[in-house]
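Take a look at the structure below.
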Number of protein chains: 2
Amino acid sequence: MFYCFRSKEGTGKIYTHREVTEVTSDIFDFCCNMTDEQDARARALIERAAAKWPLRILHVLSDAGAPLRFSRLLERVEGISQKVLTQTLRTLESDGLIIRTLYPEIPPRVEYELTPLGRDLLMQVVTLWRWIVERLDDFDARKAVKLTAAV
Amino acid sequence: MFYCFRSKEGTGKIYTHREVTEVTSDIFDFCCNMTDEQDARARALIERAAAKWPLRILHVLSDAGAPLRFSRLLERVEGISQKVLTQTLRTLESDGLIIRTLYPEIPPRVEYELTPLGRDLLMQVVTLWRWIVERLDDFDARKAVKLTAAV
DNA sequence: CAGAATCCTAATAGATACTG
DNA sequence: CAGTATCTATTAGGATTCTG
């Protein structure tokens, strides 16, 4: 998704900021100050979380307010295939966003539920989603203006 | 990316919230109150913006602090091909995130620059990115705990 | 210079059948 | 029930060539 936000001008130094973007410089200082390891890990993490289904699954789990079985998830996450659901749940689990609990009965029962981290990540993303929905009408080439003209 | 955050239980009603998720209910009320059109448009928009290259391109433009020519973008967005850069720029332009200016000289010169909307979207996303980087060590299955146990 | 057009591949998703 | 295994279809993206 986001891919490396660090500036990679050889040394990794950030490009010079002009007046017009000065307001954002602390944000990009943060990008610049990440270590290579942080950058790589965050990048991999977000690449996984921003894939087609993960956030939808987190939302369904949050909505349910209780652990859900595999088959319930398959019903509620409309359009997902069983294979992809399995794959995605495994990834979410290994990232610590959900917990998988196996009850060794016959037939087997498996329940998935959010972790606090998973819930918090979802809330962060919904905040971004809300920001976008509120400005939906602005995302239009006909309303585009140059930064320099606007400041 | 995020895909439909609305609950689609037939009528579109939101699932009942249990105590444990009550804190998030206003956020999900927002999801629930979106119209179908808002949902579809936001979904399409985010699907485009969350693709492999768009945010990287916005960041390079922001970093530059000035309009950049096509060939400069091709250099600075490391790893992108000419075809994909062209495609992505067209999409960003039609969403009002960047402005393309053609100077009809010979040879032709084309400059791309951020719009205020593009800059703001980038900042929103970087905010999310920062939130994630700060919690990077928590994204680990070994640290996962159940929500009910944690609250 | 800034692209358009074409061809090609590599990764993903979907569908289906099978199993502890 | 909750998967795994296998195959096919789709598609994003890369490499190359060409042009106003």
Side-chain angles (χ1 to χ4, degrees), chain A residues 1-4 43-57 60-61 64 66-95 98-113 141, chain B residues 1-4 43-58 60-61 64 66-95 98-114 141:
Chain A
M1 178 191 181
F2 307 144
Y3 290 83
C4 187
R43 201 166 152 169
L45 177 66
I46 295 188
E47 199 165 355
R48 291 195 293 278
K52 191 169 179 180
W53 298 105
L55 290 163
R56 179 83 186 100
I57 292 172
V60 166
L61 286 173
L68 287 181
R69 303 183 63 157
F70 184 85
S71 45
R72 297 293 82 71
L73 278 170
L74 197 55
E75 291 165 6
R76 296 190 183 186
V77 183
E78 289 180 39
I80 198 171
S81 67
Q82 179 266 331
K83 185 183 81 173
V84 174
L85 178 58
T86 302
Q87 286 174 353
T88 309
L89 289 171
R90 293 281 182 277
T91 304
L92 291 172
E93 188 192 4
S94 73
D95 283 336
I98 63 173
I99 284 188
R100 175 184 187 270
T101 309
L102 166 68
Y103 299 91
E105 310 163 355
I106 293 176
R109 180 163 60 100
V110 175
E111 287 187 344
Y112 295 91
E113 61 191 299
Chain B
M1 177 188 180
F2 306 143
Y3 291 83
C4 187
R43 200 166 152 170
L45 177 67
I46 294 188
E47 199 166 354
R48 289 196 294 277
K52 190 169 179 179
W53 299 105
L55 290 163
R56 179 82 186 102
I57 292 172
L58 294 184
V60 166
L61 285 174
L68 287 181
R69 305 184 61 158
F70 184 85
S71 47
R72 296 293 81 71
L73 278 170
L74 198 55
E75 291 165 7
R76 295 190 183 187
V77 183
E78 289 180 41
I80 199 171
S81 68
Q82 176 263 320
K83 186 183 81 172
V84 174
L85 178 58
T86 302
Q87 287 174 353
T88 310
L89 289 171
R90 292 283 183 277
T91 303
L92 291 172
E93 189 193 3
S94 72
D95 283 337
I98 62 172
I99 284 188
R100 176 184 186 270
T101 308
L102 166 67
Y103 299 91
E105 309 163 355
I106 294 177
R109 180 163 60 99
V110 175
E111 287 187 346
Y112 295 90
E113 61 192 297
L114 281 183

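Applying the 4.0 Å criterion to OP1 and OP2 of D:dA2, one finds that A:R69 has a side-chain N or O inside that range. Within the structure, a side-chain polar atom (N or O) of A:R100 is placed less than 4.0 Å from OP1 or OP2 of D:dG3.
Applying the side-chain contact (heavy atoms from CB on, under 4.5 Å) test to B:R72 and every residue at least two apart in sequence or in another chain returns B:L68, B:R69, B:E75.
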### Query
Which letter, B, S or -, goes with each nucleotide of nucleotides 10-20 of chain D from 5' to 3', with contact meaning a protein heavy atom under 4.0 Å?
---BBB----B
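Using a 4.5 Å cut-off on side-chain heavy atoms (C-beta onward), B:L73 and B:I80 make no contact. Between A:Y112 and A:I57 the shortest side-chain heavy-atom distance does not fall below 4.5 Å. B:Q87 has its side chain out of reach of B:T91: every pair of non-hydrogen atoms, C-beta onward, lies at least 4.5 Å apart.
Note that CG of B:L61 is 10.5 Å distant from CZ of B:R56, once rounded to the nearest 0.5 Å. To the nearest 0.5 angstrom, B:S71 atom OG is 11.5 Å from B:Q82 atom CD. The structure places CD of A:E111 at 12.0 Å from CD1 of A:I99, a figure rounded to the nearest 0.5 Å.
Using a 4.0 Å heavy-atom cutoff across all strands shown, B:Y112 reaches sugar-phosphate atoms only and no base atom. Looking at heavy-atom distances under 4.0 Å, B:R72 makes no contact with the nucleic acid at all. Within the nucleic acid shown, A:R90 comes within 4.0 Å of sugar-phosphate atoms alone, with no base atom in reach, counting heavy atoms only.
Residues B:A64 and B:R76 share a closest heavy-atom pair of CB-NH1, 3.7 Å.
Contact footprint of chain A on DNA chain C: nucleotides with an atom under 4.0 Å from a non-hydrogen protein atom, first to last in 5' to 3' order, C:dA13 to C:dG20.
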